Amino acid sequence: MRYDLVIFDNDGVLVDSERISNTILAAHLTELGHPTSYEDSIRDYMGSAMHRIHDLVHERSGRRLPDDFDDVFHARVFAAFERELEPVPGAVQVLEKLAADGVPYCVASSGSHERIRVGHRKTGLDQWFDEERVFSSQDVGRGKPAPDLFLHAAERMGVPPRRCVVVEDSPLGVQAAHAAGMDVYGFTAMTPAAKLGGATQLFSDMGELADLLV
């Protein structure tokens with residue numbers, strides 16, 4: 001293994017949640033008078049922490065989202081997760097291989113700790129991630145594309161940034177990994193390869209990742 005730590009994004013990389021959450025986000029913003037299509041949500045918000053959604057809406061409209069926006073959004077997302085969330089195909093096999101080979105790994109997500117845990121419990125991925133392996137944008141001051149989250153994860157895991165690789169599916173995540181001085185493998189199952197420009201390597205099948213990292 002050429003790396004000492006594999007840092008996974010969560011949504012769209014470990015759990016197949018991006019279609020669910022962006023459909024709900026687009027509908028919720030539209031209800032509140034900010035017309036947003038699913039495609040708009042993917043383009044503008046995929047990979048974002050919640051504060052970035054608030055900032056972009058305010059920047060564009062001059063209006064603030066309601067105080068209960070996050071709570072309502074998460075309640076809808078969690079209900080949908082319970083109905084339909086699945087792990088990304090191949091994710092379990094990658095985690096099994098890393099664990100068998102003794103390669104350290106963790107998750108660093110723009111989502112809240114609650115969102116990560118709800119998704120992992122539903123998909124069975126919780127068995128692979130104890131508390132020491134879970135990092136959220138809640139833990140740092142700035143979310144992606146700032147490098148803070150990935151640098152925080154590396155520090156807590158005791159690995160220098162240059163020995164880390166990030167697995168990401170969003171342009172914001174690729175930017176954050178670069179800013180952190182880490183290699184980044186861009187997962188193109190949902191995101192066109194052209195939008196993940198600058199990734200160290202691109203791949204479309206999560207089941208192939210373990211072999212690509214060697």
Side-chain angles (χ1 to χ4, degrees), residues 1-15 17-18 21 44-56 70 74 88 91 94-95 97-99 101-120 125-126 128-188 190-191 195-203 206 209-210 212-214:
M1 176 66 66
R2 72 182 78 171
Y3 302 103
D4 296 333
L5 176 65
V6 181
I7 303 176
F8 290 95
D9 176 40
N10 189 56
D11 293 291
V13 170
L14 294 174
V15 296
S17 57
E18 292 291 10
S21 59
D44 295 339
Y45 304 121
M46 182 172 165
S48 296
M50 291 302 294
H51 69 80
R52 187 170 184 274
I53 298 172
H54 285 262
D55 291 346
L56 282 178
D70 292 13
H74 284 130
V88 167
V94 170
L95 295 170
K97 182 70 162 56
L98 294 177
D101 291 346
V103 177
Y105 64 88
C106 64
V107 60
S109 172
S110 292
S112 65
H113 278 281
E114 183 182 15
R115 176 178 173 135
I116 297 167
R117 283 305 182 197
V118 168
H120 284 191
L125 294 181
D126 54 340
W128 301 101
F129 291 95
D130 53 32
E131 291 297 330
E132 288 71 29
R133 296 179 190 263
V134 177
F135 305 99
S136 160
S137 62
Q138 289 179 311
D139 303 331
V140 296
R142 299 179 298 169
K144 306 168 190 178
D148 305 35
L149 176 57
F150 292 144
L151 292 173
H152 172 69
E155 180 181 11
R156 291 290 300 274
M157 297 293 290
V159 178
R162 60 185 173 77
R163 298 297 305 154
C164 299
V165 62
V166 176
V167 184
E168 265 286 355
D169 70 333
S170 76
L172 293 177
V174 170
Q175 293 173 44
H178 276 304
M182 300 176 181
D183 282 356
V184 55
Y185 279 41
F187 184 42
T188 62
M190 250 192 83
T191 306
K195 293 190 175 183
L196 299 178
T200 309
Q201 184 157 338
L202 299 172
F203 70 106
M206 188 58 65
L209 178 62
L212 293 175
L213 293 173
V214 175

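All values below were derived from every heavy atom in this structure, side-chain atoms included, with hydrogens, water molecules and symmetry-related copies excluded. Treat the numbers as computed from the prediction; the structure is a model and nothing was measured.
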| request: Report yes if the side chains of L196 and P171 come closer than 4.5 Å at any heavy-atom pair, otherwise no. | output: yes
| task | Answer yes or no: is there a donor N or O on one side and an acceptor on the other, between the side chain of H74 and the main chain of D70, under 3.5 Å? | result | yes
| query | Is the backbone N or O of S136 less than 3.5 Å from a side-chain atom of S109, with the two atoms forming a donor-acceptor pair by type? | reply | no
| query | Of Q175, H178, R142, which meets side chain to side chain contact (heavy atoms under 4.5 Å, CB included) against P147? | reply | R142
| Close side-chain approach of L213 to Y185, heavy-atom, < 4.5 Å | yes
| message | Using 0.5 Å steps for rounding, measure from the OG atom of S170 to the CD atom of E18. | response | 7.5 Å
| Salt bridge present between D183 and R2 (N-O < 4.0 angstrom) | no
| field | Short side-chain to backbone donor-acceptor contact, S110 and G47, under 3.5 Å | value | yes
| task | Write down the atom of V94, the atom of A210, and the distance for their closest heavy-atom approach. | result | CG2-N, 4.3 Å
| query | Is the closest side-chain donor-acceptor distance between R115 and S21 under 3.5 Å? | reply | yes
| message | On a heavy-atom basis, which atom in L95 and which in L14 lie closest, and how many Å separate them? | response | CD1-CD2, 4.4 Å
| Nearest heavy-atom pair of A199 and V174: which atoms, and what distance? | N-CG1, 4.2 Å
| Within-4.5 Å side-chain heavy-atom neighbours: K97 and L209 | no
| remark: Here the pair of heavy atoms bringing L5 nearest to A154 is CD2-CA, 4.1 Å
| message | Other residues, nucleotides and ligands only: do more than 12 of their heavy atoms fall within 6.0 Å of CZ on R163? | response | yes
| query | At what distance, to the nearest 0.5 angstrom, does CG of D4 lie from CZ of R162? | reply | 8.5 Å
| request: Please examine the side chains of M206 and V13, heavy atoms only from C-beta on, and report whether any two atoms are closer than 4.5 Å. | output: yes
| query | Under 4.5 Å between any side-chain heavy atoms of Q138 and M50, yes or no? | reply | no
| query | Within 45° of the axis and under 6.0 Å from the centre of the six-membered ring of Y105, does NZ or CZ of R133 qualify? | reply | yes
| request: Might you work through the side chain to side chain contact (heavy atoms under 4.5 Å, CB included) test for D139 and H113, ending with a clear yes or no? | output: CA-CA 9 Å; D139 303 331; H113 278 281; 2.9 Å; yes
| said: Is there a side-chain contact between W128 and H120 in this structure, where contact means two heavy atoms from C-beta onward sitting under 4.5 Å apart? | reply: no
| query | Which atom pair, heavy atoms only, marks the closest approach of A153 to C106? | reply | CB-SG, 4.2 Å
| Is there a side-chain contact between T191 and E168 (heavy atoms, below 4.5 Å)? | no
| task | Please round to the nearest 0.5 Å and tell me the distance separating atom CE of M157 and atom SG of C164. | result | 9.0 Å
| Atom pair CG (L151) and CZ (R156), whose distance is rounded to the nearest 0.5 Å | 14.0 Å
| message | What verdict does the side chain to side chain contact (heavy atoms under 4.5 Å, CB included) test give for L98 and F8, after you've listed the backbone C-alpha separation in whole Å, the side-chain angles of each residue and the deciding distance to 0.1 Å? | response | CA-CA 12 Å; L98 294 177; F8 290 95; 3.7 Å; yes
| request: Identify the heavy atoms of P161 and M182 that sit nearest to each other, and give their distance. | output: O-CG, 3.3 Å
| Minimum side-chain heavy-atom gap F135-I7 below 4.5 Å | no
| message | Using a strict threshold of under 4.0 Å (side-chain N to carboxylate O), is an ion pair present between D9 and K144? | response | yes
